[in-house]
**Q** 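Submitted below is the structure of interest, expressed as structure tokens.
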Amino acid sequence: MSAVLAAEEGITPGEHWTAEVGGLTFNLDTILGTLIAGIIVCGLGFYMARRATKGRPSGLQVAFEALASWVQGQVREGMGVRTPRGVVGFCITVFVFILCCNWLAALPTEHWIPPPTADVNLVYPLALLVIVWVNVAGIRAKGAKAYFGHFTQPYAFLAPIEFITQYLSRPASLALRLFGNIFAGGIMVAVIALMPAYILWLPNAVWKLFDMFIGVIQALIFTLLTLIYFSEAVGSEDDTAHH
Amino acid sequence: MQQILAEGTTTNFLVPNATIFVVSLIFLVILGFFYRFIVPPLTKAMAERDEMNRKQVEERDAAQRKLAEAKERYDSALADARAQATAIKDEARADAQRIREDMRAETDREVAEIHRRGAEELAGQRTRAGQELRGQIGGLSADLAGRILGRPVDHDDETVRRFLAELDERQTAGGQR
């Protein structure tokens with residue numbers, strides 16, 4: 001019944017502003033949102049980097065440094081000197097980018113520029129990149145035999161489950177967790193929009209604030225899981241010592 | 001309702017389309033931009049600050065060590081100074097005692113000298129007074145004898161002198177007895 005009501009009032013989950021080029025469909029709103037988020041994070045990052053100083057940092061630099069310190073701390077704890085090159089930068093980028101994408105939901109532009117993380121077209125490649133890089137890093141750190149042989153530990157008959165977990169469940173959960181949370185946020189805004197205009201502003205403001213909180217949490221979870229996957233793949237310095 | 005479900009099936013939002021290539025490319029560009037322009041200055045500034053903090057900590061430790069050493073030297077110098085002050089006070093006290101004793105001895109000597117000189121002077125004065133009296137006693141005796149006799153008695157110094165000499169001999173002899 002609620003689905004009928006939502007449809008009648010114009011809630012169309014998963015529908016995008018699209019364009020067809022050579023038989024291929026492009027979600028223009030997602031592309032635009034990704035571009036805008038990219039421009040914002042690159043612009044802020046570049047502005048911060050140009051003024052980065054070892055002396056008294058600006059508020060923006062403090063925010064970036066807090067993120068970088070957190071990532072470096074996680075990396076140090078999980079991998080130490082075995083950290084693959086570029087992981088710190090990747091995690092910083094992913095966090096800032098996903099956060100900015102998620103926070104686009106706070107703008108009253110959900111019909112034209114919805115948060116791009118509410119589209120699987122962005123979250124799938126992000127998760128795919130993570131999983132591919134994690135496997136490459138694991139193979140480079142341990143060697144292919146040891147890395148894939150690890151799936152048979154402690155019991156060989158559990159290897160298929162481990163394999164499915166590694167190559168299906170993890171990327172799917174990593175992508176769909178982010179997508180589902182932000183997508184649901186958009187649906188909530190649409191549902192709130194069905195309320196009478198005189199009361200609409202209050203739940204809308206409350207939900208947008210909560211949505212911003214969800215945006216931070218989801219960016220944090222995505223980054224943290226990425227770091228954990230990398231740590232599991234390459235192993236810590238302690239593992240090296242034990243082996 | 002069936003129409004809605006039908007619409008839902010036509011656009012399955014869990015299935016990606018060609019957008020995936022575009023947004024992947026955009027993300028890779030963003031990643032490259034971060035790697036090239038943002039992460040290096042950020043980590044460099046953090047590393048430099050860490051280095052600066054490490055140096056400051058080292059400098060603080062060095063300053064604290066220097067302070068402790070200076071305090072030790074100060075305490076040592078203070079103890080030396082106190083010891084010197086005590087020695088100087090003891091020496092001054094000893095000097096004062098010695099000076100006091102010297103002055104007392106000098107004063108005693110001066111008092112004894114004054115006493116001696118006074119006694120000598122008194123003896124001299126007594127001798128001179130005796131001699132003066134001896135010189136006058138003849139005249140006085142003649143005057144006195146004349147007043148008793150009711151006529152003038154000639155003053156003969158030789159007689160008086162002889163009388164006094166006898167008197168002295170008697171006194172001397174009496175004193176010896």
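When reading the values below, keep in mind they use all heavy atoms of this one structure, side chains included, and skip hydrogens, waters and symmetry mates.
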**Q** Is the shortest side-chain N to carboxylate O distance from Arg117(B) to Glu121(B) below 4.0 Å?
**A**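 Looking at Arg117(B) and Glu121(B), the cut-off is not met.
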
**Q** Report which part of Ile30(B) has an atom under 4.5 Å of a heavy atom belonging to chain A: side chain, backbone, both, or neither.
**A**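 Both parts, backbone and side chain.
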
**Q** Mind checking whether Phe90(A) and Phe34(B) have ring centres under 6.0 Å apart?
**A** no

**Q** Checking Leu176(A) against chain B: side chain, backbone, both or neither under 4.5 Å from a heavy atom?
**A** side chain

**Q** Sort out for me which of Asn53(B), Val39(B), Thr43(B), Leu31(B) touches chain A most, counting heavy-atom pairs under 4.5 Å.
**A**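 Among the listed options, the one with the most contacts to chain A is Leu31(B).
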
**Q** Name the region of Leu129(A), side chain, backbone, both or neither, that has any atom closer than 4.5 Å to a heavy atom of chain B.
**A**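 Only the side chain of Leu129(A) comes within 4.5 Å of chain B.
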
**Q** Would you mind checking which part of Phe97(A) comes under 4.5 Å of any heavy atom in chain B, side chain (CB onward), backbone (N, CA, C, O), both or neither?
**A**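 For Phe97(A), the side chain is the part near chain B, not the backbone.
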
**Q** Considering only NZ, NE, NH1 and NH2 on the basic side and carboxylate oxygens on the acidic side, decide whether Glu58(B) and Arg54(B) come within less than 4.0 Å.
**A** yes

**Q** So, are Lys44(B) and Glu48(B) salt-bridged, with charged N and O less than 4.0 Å apart?
**A** yes

**Q** Find the one option among Val96(A), Thr18(A), Leu126(A) whose heavy-atom pairs under 4.5 Å with chain B are most numerous.
**A**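 Among the listed options, the one with the most contacts to chain B is Leu126(A).
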
**Q** What part of Phe37(B) lies closer than 4.5 angstrom to a heavy atom of chain A: side chain, backbone, both or neither?
**A**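 Its backbone and side chain both get close to chain A.
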
**Q** Thr25(A) versus chain B, heavy atoms under 4.5 Å apart: side chain, backbone, both or neither?
**A**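 Contact with chain B is through both the backbone and side chain of Thr25(A).
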
**Q** Chain A heavy atoms under 4.5 Å from Val15(B): which part of the residue, side chain, backbone, both or neither?
**A** backbone

**Q** Taking atom types as modelled and ignoring hydrogens, do the side chains of Thr30(A) and Asp119(A) form a donor-acceptor contact shorter than 3.5 angstrom?
**A** yes

**Q** Can you tell me how the ring of Phe13(B) sits relative to the ring of Phe183(A), calling it parallel under 30°, perpendicular over 60° and tilted otherwise?
**A**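 It falls in the tilted class, 30° to 60°.
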
**Q** Checking Ser69(A) against chain B: side chain, backbone, both or neither under 4.5 Å from a heavy atom?
**A** both

**Q** Applying side-chain contact (heavy atoms from CB on, under 4.5 Å), run through Phe26(A) and Val22(B) and close with a yes or a no.
**A** CA-CA 8 Å; Phe26(A) 295 93; Val22(B) 180; 3.5 Å; yes

